[in-house]
Amino acid sequence: MALRFEVLGRFNRARAAQLTLPHFVCQTPLFMPVGTQGTIKGLTNDQLEEIGCQIILGNTYHLALRPTSELIDELGGLHKFMKWPRAMLTDSGGFQMVSLLHLADITEKGVTFQSPVDGKPMLLTPEESIQIQNRIGADIIMALDDVVKTTITGPRIEEAMYRTLRWIDRCISAHKRPNEQNLFGIVQGGLDPVLRDICVRGLVERNLPGYAIGGLAGGEDKDSFWRVVAQCTAALPEDKPRYVMGVGYPLDIVVCSALGADMYDCVYPTRTARFGTALVPEGVLKLKHQVMARDTRPIDPACGCMVCKNFSRAYIHCLVTKDAMGSQLLSYHNLYYMMKLSRDLHSSIVYGKFPEFVCTFLQKMFPEGEVPEWVCNAMEVAGIDISSCCSPVSSSYGLNLDEKAHAV
Amino acid sequence: MKFAVKAWSNGRARVGTLQLGSIEIETPSLLLSTQKGLPHFISPDLLSSLPSPNSRLLQFSPLHFLDGISPKTISKIGGINQMLGLHDHEFVAIARDSLQCLPSHDGSNKFGPSFETPCGRRLIKPVEYMEIISSMKPSIWVTLADEVPAWVSDKRNASSVDRTVKWLDECIALRQVGEVFGAVVGGSNEQLRQHCAKEVAIRDVSGYWIGGFGLGESMDERPTLLNDNLPKEKPRLTSGLDLPEEVLQGVATGIDLFDSKYIHHITVGGFALTFPLDGIESKISTFQPGDIGSEQVKINLRATVYRKDTTPLVDGCSCYTCKNHTKAYINHLLNVHEMLAQTLLELHNTQHYLGFFHLIRESIKAGKFERFCQRFIADRRDLLVSAAHAGVSQSPLPKQEADYMTLL
C-alpha cells in the first residue's frame, strides 16, 4: 500500500479526508479532471495547479496506443513525461475497449479487441493492463474489470461481477510496484443489490488500498444510481478511499459525497466546455445562445477564476465553438468550478457546516424548490435535512444537462 | 504616443523608442498576432511569461468582431483592453489580418474596401469601421486601405490610391480615439506609392502603415516599393512581411513595426524556431553548409526523431515551454492532436521571434546591421538549399518557405 487515508471530519456518512499519495497530499472529496492523452484539454500544468487540481486521470488505452507505455517507461514514467508534479490515476483500459471499439469481446482470458492501428485482433488481459499501468507509473492504478452497460439485465451482470472478482486476483499478483502504486478494485454488479453485496465483500477481503464503484453513470435512472452508491459506501471500509467512476455532474458529486464517497472523475466539465457550456451555481450557462452576445457580465459574477475575472459572456460568446481559445477558456472555468466544489465540500464537512452547504447548493440550482425526488431520497438516507430548500410538492424534474457524462 | 529615432545603421535601418500608453518599447519590433485580440493559443494568464515590454504590443482585426458582438456591447464593456482583461497591453487595429480577413480587391468600390472574412465577403465603409474603432478604443488604428495585388493594371492601382486617400480623410473626420496610422498603398507601382505617401504625409497622422505587401509582389521589387520617402520622424508599420528575411528587408528600408503571421504559421505547422540568437558575431562565421542537424532554422516537432528526445526545444531558452517540457512530449501532443502542443509552441516561437527582433536592434545600435543581415540571409539560404538538396528536410517546407526557396 502506498497511500495514507486520514478522515479529518465527518457529517453522518459524509467525510472529508486527507489522502496522501506518493506524489501529492490530496484533500477529499475531490474531482479528477480527465487528461486522456497526457494533457488536459489545452491547459498547462501551471494552470492546473493554479486552479487547485490535485490529481489527474490518464487513460491507459489511449496512452498505450500513443506514445506507448514502453516509451513512457523509458522516459521515466508519465509524471516525468508530461512534467506533472502532483498525483495521477490511470484507468484499466477496459472501459475504452468496450465503449470505443465495436468488435470487443470479453472472455475469461481478457478483452479481445480489434487494434485501431492495424485491425488485427488483440487481447488485453488483467496482467497486461497492470503491466502497462506499472510502466505508466500513476499513484493509483485500476484493476481490469468486466464492464457491462448498467441498463443491461440478466445473467450477463452476474457473470461480469464474478469475473471481475476472479480478475482482481490476477491483477493483484501481476502488480509489480505495490509500494509505489495503489491498486484499486472496482465494485461491479449492475443495479442488483445482491450482486453488489457479493462483489463488495469479495473485494474487501482482498484488503486493497482503495475501492471504486464502477458500472454507474451509464444511463441508469438516478434513483438506482444513488441507491447503488449508498449501498456500496455503507459496505466499504471506513479507512479506505472510495471512488465513484465516471461521475461528474456537480449535483451527483454533492449527493455521492453526502453518501460517503470521496473521489470522482468525468470528462463532462471539459467536454461540455468544447460545446460552449459553462458550469455555474445555477446549473449551466450556454454561451452559444444569442442573448449572450449582449451580456457584459462574467460567466459567474461570484467566481474568482481567471476567466471570470477577465472576460464577459459577450466576448466568450464570440469565441465559443469557433476559436480554440473558446474551449480553452471554458475548460479552465469549468475545471475551476469543479475544484472549488471539491474544496467547498471538504471544508464544509471539516467545519461542521455540511448541511448548510448542501442547502445553499440546492437552493441556487433549484431556486423554485424543485429539488428532484431522488436527491431528496438520497439526502434522507445521508441524514441531511434539506426541507428548507424543497418546495412542498417535490417533483422529479431533472437538471437541464445537455449530454451524458460518461468518459470515453 | 511618442516616437524618437535613437540610432541609424549605415543605411536606412533604425532603432527608435516608442512610448505608447503604459509601455515604452524599442523598435524595430513585432506586433503579436491575435485572433479576436488574444494570441491564437495563449490565454491571458500565460502572456505574462513572455518577455516584457516587447510582448505587450498586440495586433487585432476589428473585422473579427463583425459578427458575434456589437460595437454597442463593446462600448459598454469599455473597449478592447477591458474586453480582454489586458490592461498592460497596447492594441493596434489593422483591418486585414492576413489569415482569415484578406483584402478582396475586386469587391471593393468607392464606398469602402471589401474583405474575405469567416462570415463571407464584407464591404466595410469608413463610417462602419470608425464605429467599431470608437467602441474598441485601440491605442493605434490604421485607416482603411484599398489593397490590390501586384498584378492589377495601373488604372486599378491609381484608383486604389485615390480611394485610400479619400477614406483616410473620412476616417480622420470621424476620429474619436487613438493614434492614427495613415495607410499607404500603390501596389507594385513605385510612382503611385510615392504619390500616395506624399498625400498621407501632409495629413494629420501619427504614423504610417505601408500596405499592399504579401499580395503577390516579388521579393526583389520590395526594397524599391518600400522606399516611399515618408518623413523619417514618424513610425512606419507594415503587414504581410512575415519571414525573417522579409522582416530584415523591411528593417533595411526603415520599417519600425511588423504585423507578422510567421509565428502563427510555423506554430500550426508544428514547428519550433531554433536559429541561434546568441549574438550577432558568433555562429555564422563557423557555419558549415552541410551541418544541418545542429544548425537548423526551425525544427519539425512531428518528426519521429523527436519521439524520445528529452531535451528542450532550444537548449538554454528561458521560455515557459523550454523550461518545462521536452521535444518528446510536444511530439506526442502533436501526434494525438492535443491543443496544448500549439500553446507550448506559440509560447516558444513568440519568445524566440522577439529575440530575433532584439538581435536586429542590437546590430543596428552596434553599426553592424548590414553585415548581420547578409550573414543571416546567406546562412539561412545555405541551410534551406542544402536541406532541400540533401533531402534531410523532415517534412515539406511550409508554403511560405517553399515560395522563398523558389526565389533563390
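Per chain, numbering begins at 1; letters A, B, ... match sequence-line order. The structure presented is a predicted model; accordingly, all values stated were derived computationally and were not measured.
Put simply, of B:L333, B:T310, B:T326, B:L46, the one with the most heavy-atom pairs under 4.5 Å next to chain A is B:L46. When A:V307, A:L65, A:D46, A:N45 are compared by the number of non-hydrogen pairs under 4.5 Å with chain B, A:D46 comes out ahead. The candidate with the highest count of non-hydrogen atom pairs below 4.5 Å against chain A, out of B:H325, B:R307, B:Q342, is B:R307. In terms of heavy-atom pairs under 4.5 Å with chain A, the best-connected choice from B:L86, B:N331, B:N335, B:D67 is B:N335.
A distance of 7.0 Å separates CD of B:E338 from OG1 of A:T36, quoted to the nearest 0.5 Å. Rounding to the nearest 0.5 Å gives a distance of 4.0 Å between OG of B:S43 and CE of A:M306. Atom-to-atom distance recorded for A:H317:NE2 and B:T73:OG1 is 9.5 Å, nearest 0.5 angstrom. Annotation: the span from B:L340 atom CG to A:I40 atom CD1 amounts to 10.0 Å, rounded to 0.5 Å. Here B:T343 contributes atom OG1 and A:M325 contributes atom CE; the two are 7.0 Å apart, rounded to the nearest 0.5 Å. Note: A:L329 CG to B:L38 CG = 6.5 Å, rounded to the nearest 0.5 Å.
No part of B:P118 comes within reach of chain A, as not one of its non-hydrogen atoms sits under 4.5 angstrom from that chain. Only the backbone of B:H40 has a heavy atom closer than 4.5 Å to any heavy atom of chain A. Heavy atoms closer than 4.5 Å to chain B are found in the backbone of A:L43, but not in its side chain. Looking at A:M82, the atoms closer than 4.5 Å to chain B (heavy atoms on both sides) sit in the backbone and in the side chain alike.
Of the possible donor and acceptor atoms, none in the side chain of B:H332 sits under 3.5 Å from a partner among the backbone N and O of A:G38.
In terms of heavy-atom proximity, B:M339 sits nearest to A:G42 at CE-CA, 4.0 Å. Between A:A293 and B:I69, the closest heavy-atom pair is O-CG1, 4.0 Å. Closest approach of A:Y315 and B:G37 over heavy atoms only: OH-N, 4.5 Å.
For residues 312-341 of chain A, the salt bridge (charged side-chain N to carboxylate O under 4.0 Å, His left out) pairs, not counting sequence neighbours, are A:D295-A:R313, A:D323-B:K36, A:K340-A:D344.
By the neighbour-count criterion of 12 heavy atoms within 6.0 Å, atom CZ of A:R86 is densely surrounded, having more than that number from other residues, nucleotides or ligands.
Here the side chains of B:F65 and A:C318 are in contact, with some heavy-atom distance below 4.5 Å. In this structure the side chain of B:Y329 reaches within 4.5 angstrom of the side chain of A:T39, judged on heavy atoms. Contact check for A:E50 versus B:D45: no side-chain heavy atoms found under the 4.5 Å cut-off. No side-chain heavy atom of B:L84 sits less than 4.5 Å from a side-chain heavy atom of A:N310.
If you check the side chains of A:S312 and B:Q82, you find no donor sitting under 3.5 Å from an acceptor.
Contacts from residues 66-81 of chain A to chain B, taken as heavy-atom pairs separated by less than 4.5 Å, involve A:R66, A:P67, A:T68, A:L71, A:E74, A:L75, A:F81 in sequence order.
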